[in-house]
Chemist: 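My questions all concern the structure below.
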Amino acid sequence: MVNGGDVIAELTTDHREVEDLFEKCKEVPPGAPARRDLVDRVTMELVRHSMAEEEHLYPAVREHLANGDALADKEIADHAKVEEILKDLEGRSPDDASFEQLLLKLESEVGEHVRDEEERLFPLLRQACSTDQLMQLGQLVRAAKETAPTRPHPSAPDKPPMNKLLAPGLGLVDRIRDAITGRGKA
């Protein structure tokens with residue numbers, strides 16, 4: 001769902017959508033093939049969201065917040081942990097013994113990251129930026145999510161300018177793979 005609002009509203013909406021997908025995962029019995037489809041959808045949402053944050057939100061954090069470099073670096077490190085878990089999950093079947101453990105670890109890592117952003121980072125950004133700046137960032141994030149990759153690429157650059165240069169190409173390749181395989185359509 002695209003909300004058309006400022007960057008904080010946009011990213012908060014993404015957070016709720018991912019939380020809803022985690023809840024849907026809990027409704028499907030462990031080992032069921034439907035869990036793979038749900039985890040693929042979680043992966044797609046998280047990767048698009050992360051890439052958009054890395055391209056636009058974190059550079060704004062660096063620019064507008066005191067101690068912005070440290071704050072952005074911490075959030076990017078959180079993304080790297082999540083992306084490694086996503087990559088590990090990507091190659092596993094839902095009946096694999098480690099699938100459930102990885103899914104729980106993923107939900108925990110994402111939950112901590114979401115709380116940190118919503119309770120600490122977003123309020124600081126709202127204080128430091130004008131409404132117009134936040135709206136412009138929202139537009140940039142929405143546009144970035146449209147072309148972002150949908151699969152984890154842990155070795156891809158996570159800071160400008162290289163992430164902005166490579167993300168659309170990786171995204172195109174991922175979307176073609178998704179279309180061919182039907183991934184994320186459930």
Side-chain angles (χ1 to χ4, degrees), residues 1-23 41-87 105-172 174-175:
M1 174 188 349
V2 175
N3 71 37
D6 72 24
V7 69
I8 295 169
E10 181 71 26
L11 297 174
T12 301
T13 297
D14 288 355
H15 293 166
R16 298 296 85 78
E17 289 174 359
V18 169
E19 288 169 353
D20 289 345
L21 287 169
F22 279 127
E23 288 305 312
R41 289 175 51 204
V42 166
T43 300
M44 294 167 89
E45 292 303 317
L46 286 173
V47 170
R48 284 194 293 245
H49 175 89
S50 294
M51 291 298 286
E53 284 185 337
E54 290 168 8
E55 287 181 31
H56 300 291
L57 178 68
Y58 301 144
V61 166
R62 290 179 194 285
E63 179 182 344
H64 297 289
L65 298 183
N67 203 25
D69 286 339
L71 290 167
D73 289 344
K74 186 248 185 249
E75 301 301 330
I76 290 170
D78 289 351
H79 283 191
K81 286 185 221 170
V82 166
E83 196 156 13
E84 288 295 334
I85 299 167
L86 290 172
K87 191 67 180 169
K105 184 176 178 184
L106 176 66
E107 185 176 14
S108 175
E109 289 287 340
V110 169
E112 287 179 34
H113 178 72
V114 164
R115 279 187 297 282
D116 184 51
E117 282 189 342
E118 292 183 5
E119 293 173 6
R120 186 173 62 110
L121 189 67
F122 291 172
L124 292 171
L125 200 61
R126 186 157 312 277
Q127 287 178 331
C129 295
S130 70
T131 301
D132 287 345
Q133 289 170 317
L134 294 174
M135 291 300 285
Q136 183 180 20
L137 280 171
Q139 291 172 342
L140 291 169
V141 162
R142 280 187 292 284
K145 288 191 299 186
E146 292 295 319
T147 60
T150 60
R151 296 171 184 260
H153 297 278
S155 59
D158 53 17
K159 292 180 185 161
M162 291 307 295
N163 65 344
K164 289 183 180 187
L165 294 173
L166 294 177
L170 289 172
L172 178 63
D174 287 352
R175 284 189 301 286

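If you read the sequence from its start, that first residue is 1, and numbering goes on from there.
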Chemist: Could you check whether His113 and Glu109, counting side-chain N and O atoms only, form a donor-acceptor pair closer than 3.5 Å?
Modeler: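 No, His113 and Glu109 have no side-chain donor paired with an acceptor closer than 3.5 Å.
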
Chemist: Please report the C-alpha distance between Asp78 and Lys74 in whole Å, then the side-chain angles of each, then the deciding distance to 0.1 Å, and finally whether the side chain to side chain contact (heavy atoms under 4.5 Å, CB included) criterion is met.
Modeler: CA-CA 6 Å; Asp78 289 351; Lys74 186 248 185 249; 2.7 Å; yes

Chemist: Do the charged groups of Asp6 and Arg126 touch, with an N to O distance under 4.0 Å?
Modeler: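 Counted as a salt bridge, because a side-chain N and a carboxylate O are separated by less than 4.0 Å.
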
Chemist: Measure the spacing between CE of Met135 and SG of Cys129 and express it to the nearest 0.5 Å.
Modeler: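 Rounded to the nearest 0.5 Å, the CE-SG separation comes to 13.5 Å.
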
Chemist: Any salt bridge between Glu117 and Arg120, counting N to O under 4.0 Å?
Modeler: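 Salt bridge absent between Glu117 and Arg120.
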
Chemist: Restricting to non-hydrogen atoms, name the atom on Glu54 and the atom on Pro59 that form the minimum distance, rounded to 0.1 Å.
Modeler: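 Answer, listing the atom of Glu54 first, then Pro59: O-CD, 3.4 Å.
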
Chemist: From Thr43 OG1 over to Leu86 CG, what is the distance, rounded to the nearest 0.5 angstrom?
Modeler: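 Going from OG1 on Thr43 over to CG on Leu86, the span is 4.5 Å.
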
Chemist: Classify the side-chain pair Glu53/His49 by whether it contains a donor and acceptor separated by less than 3.5 Å.
Modeler: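 A pair is found: one side chain offers a donor N or O, the other an acceptor, under 3.5 Å apart.
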
Chemist: Return the CG to CG distance between Leu57 and Leu140, rounded to the nearest 0.5 Å.
Modeler: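 Rounded to the nearest 0.5 Å, the CG-CG separation comes to 11.0 Å.
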
Chemist: Give a yes or no answer on whether the side chain of Arg142 reaches the backbone of Gly138 with a donor-acceptor pair at less than 3.5 Å.
Modeler: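 At least one qualifying donor-acceptor pair exists.
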
Chemist: Taking atom CD of Glu19 as the centre, does the number of heavy atoms from other residues, nucleotides or ligands within less than 6.0 Å exceed 12?
Modeler: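 Atom CD in Glu19 is crowded, with more than 12 foreign heavy atoms closer than 6.0 Å.
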
Chemist: May I ask you to test the Leu46-Glu83 pair for a side-chain heavy-atom distance under 4.5 Å?
Modeler: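 No; the side chains remain at least 4.5 Å from each other.
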
Chemist: Can you name the one residue among Glu10, Glu118, Glu45 that meets salt bridge (Lys or Arg N to Asp or Glu O under 4.0 Å) with Arg16?
Modeler: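 With Arg16 as partner, Glu10, Glu118, Glu45 yield a single salt bridge (Lys or Arg N to Asp or Glu O under 4.0 Å), made by Glu118.
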
Chemist: Do the side chains of Leu134 and Thr131 get nearer than 4.5 Å, heavy atoms only?
Modeler: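 Counting from C-beta outward, Thr131 and Leu134 never come under 4.5 Å.
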
Chemist: Which distance, rounded to the nearest 0.5 Å, do you find between the CG of Leu124 and the CD of Glu119?
Modeler: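 Reported to 0.5 Å precision, the distance equals 12.0 Å.
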
Chemist: CG/Leu137 to CD/Gln133 distance, rounded to the nearest 0.5 angstrom?
Modeler: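 Going from CG on Leu137 over to CD on Gln133, the span is 7.5 Å.
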
Chemist: Is any side-chain heavy atom of Thr13 closer than 4.5 Å to a side-chain heavy atom of Glu17?
Modeler: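 Contact flag for Thr13/Glu17 side chains = yes.
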
Chemist: Which atom names give the shortest non-hydrogen contact between Tyr58 and Ile76, and what distance separates them?
Modeler: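 Taking Tyr58 first and Ile76 second, the nearest heavy atoms are CD1-CG1, 3.6 Å.
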
Chemist: Report the C-alpha distance between Leu65 and Leu121 in whole Å, list the side-chain angles of each, state the deciding distance to 0.1 Å, and finish with yes or no for side chain to side chain contact (heavy atoms under 4.5 Å, CB included).
Modeler: CA-CA 9 Å; Leu65 298 183; Leu121 189 67; 3.9 Å; yes

